[in-house]
Amino acid sequence: MKKKETQITSIIGMNAECNGDFTADGVIRIDGTVNGNVIVTEMVIVGASGCINGDINAKKVMIGGEVYGNLNVPEKVELTSTARVIGDITTGGLVIDERAIFQGRCDMNQDASKRSKPNSRAVKAMKKTAKAAVVEALKEAEEASVSEETMTPENSSVE
């Protein structure tokens, strides 16, 4: 199966500077500087030379440059090796390269209703298995303590 290609609809070039909030539909790539909040319907890609001094609101974000602000991204945030993020991240998924810089708080705000819950039979089976394991462990502990009590100095070999 072929991976869906991302089609960039807006670009802020390397030497461009945007002062004020930036709003766009689709996917944008920022290689310049934005001094304001970035609000995008789909995805924000911050190139290695890109810098955002403001908050980002988008479905997905991939950062290779610098962001000084908070990220509110319901689906996925990815910080590449050249990324520098100073701010809090609220997201459903987070990928951070080991060389990326992230200073802030992260809230993986995943919706609990989306998680699959085990059916009642599976839960009962797990409880029975756990109970059997506890009973077995108690039985082994009791047998071990009884065998220690029955040992007498004559039976033990201490050298």
Side-chain angles (χ1 to χ4, degrees), residues 1-138 140-141:
M1 183 164 33
K2 208 172 190 180
K3 191 174 180 179
K4 185 181 172 186
E5 232 177 82
T6 303
Q7 185 174 354
I8 297 172
T9 56
S10 300
I11 297 173
I12 296 178
M14 192 177 279
N15 295 319
E17 185 173 329
C18 175
N19 292 308
D21 292 350
F22 181 82
T23 305
D25 288 334
V27 179
I28 69 160
R29 180 176 175 106
I30 299 171
D31 290 313
T33 301
V34 175
N35 295 312
N37 298 323
V38 176
I39 301 146
V40 176
T41 57
E42 291 299 319
M43 183 176 186
V44 175
I45 301 168
V46 181
S49 64
C51 180
I52 298 175
N53 296 303
D55 297 343
I56 298 176
N57 290 290
K59 281 185 184 177
K60 295 179 183 177
V61 173
M62 180 182 289
I63 300 173
E66 299 179 359
V67 175
Y68 301 95
N70 299 324
L71 283 71
N72 185 13
V73 183
E75 289 185 18
K76 181 181 175 184
V77 173
E78 186 173 343
L79 307 181
T80 66
S81 62
T82 57
R84 178 182 179 93
V85 175
I86 310 298
D88 296 339
I89 298 174
T90 301
T91 187
L94 178 63
V95 177
I96 302 178
D97 187 273
E98 63 185 48
R99 289 184 216 100
I101 296 169
F102 168 54
Q103 182 178 347
R105 191 177 66 84
C106 180
D107 182 10
M108 296 285 287
N109 193 10
Q110 295 179 350
D111 188 2
S113 65
K114 290 181 183 175
R115 294 184 187 162
S116 63
K117 295 179 183 176
N119 63 32
S120 60
R121 279 189 192 168
V123 171
K124 286 179 184 177
M126 286 186 271
K127 285 181 181 178
K128 286 181 181 179
T129 304
K131 187 175 180 179
V134 170
V135 168
E136 183 68 28
L138 289 172
E140 288 175 7

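Considering Glu42, Glu78, Met43 in turn, Met43 is the only one that fulfils the side chain to side chain contact (heavy atoms under 4.5 Å, CB included) rule with Lys60. Under the side chain to side chain contact (heavy atoms under 4.5 Å, CB included) rule, Ile28 has a single partner from Thr23, Ile45, Val44, which is Val44.
Looking at every heavy atom in both residues, Ala58 comes nearest to Pro74 through O-CD, 3.1 Å. Taking each heavy atom of Lys76 and Val73 in turn, the nearest pair found is O-CG1, 3.4 Å. Pairing each heavy atom of Gly20 with each of Val34, the nearest pair is O-CG1, 4.2 Å. When every heavy atom of Asp55 is checked against every heavy atom of Asn37, the shortest pair comes out as N-OD1, 2.8 Å.
Around the CG atom of Asn19, the shell of radius 6.0 Å holds more than 12 heavy atoms that belong to other residues, nucleotides or ligands. Heavy-atom neighbours of Met62 CE from other residues, nucleotides or ligands within 6.0 Å: at or below the threshold of 12.
Judged by distance alone, the side chain of Thr9 and the main-chain N or O of Val27 form a donor-acceptor pair under 3.5 Å. In this structure a side-chain-to-backbone donor-acceptor pair under 3.5 Å is missing from Ser49 to Met14. Using a distance-only test at 3.5 Å, with no hydrogens or angles considered, no donor-acceptor pair links the side chain of Asp31 to the main chain of Gly13.
Side-chain contact between Glu17 and Asn35 is present, with at least one heavy-atom pair separated by less than 4.5 Å. When side chains are defined from C-beta on, Ile52 counts as touching Val46, because their heavy atoms get closer than 4.5 Å. Taking 4.5 Å as the limit, some side-chain heavy atom of Phe22 sits within range of a side-chain heavy atom of Ile12. At a threshold of 4.5 Å between non-hydrogen side-chain atoms, the residues Val95 and Leu79 do not count as touching. Using a 4.5 Å heavy-atom cutoff, the side chains of Phe102 and Arg84 are not in contact. A heavy-atom distance below 4.5 Å is found between the side chains of Val38 and Ile30.
Distance NZ/Lys59 to CG/Asn72: 13.5 Å, rounded to 0.5 Å. Once rounded to the nearest 0.5 Å, the distance linking CD1 of Ile86 with CD of Gln103 reads 4.5 Å. To the nearest 0.5 Å, the span separating SG on Cys51 from CD1 on Ile63 amounts to 11.0 Å.
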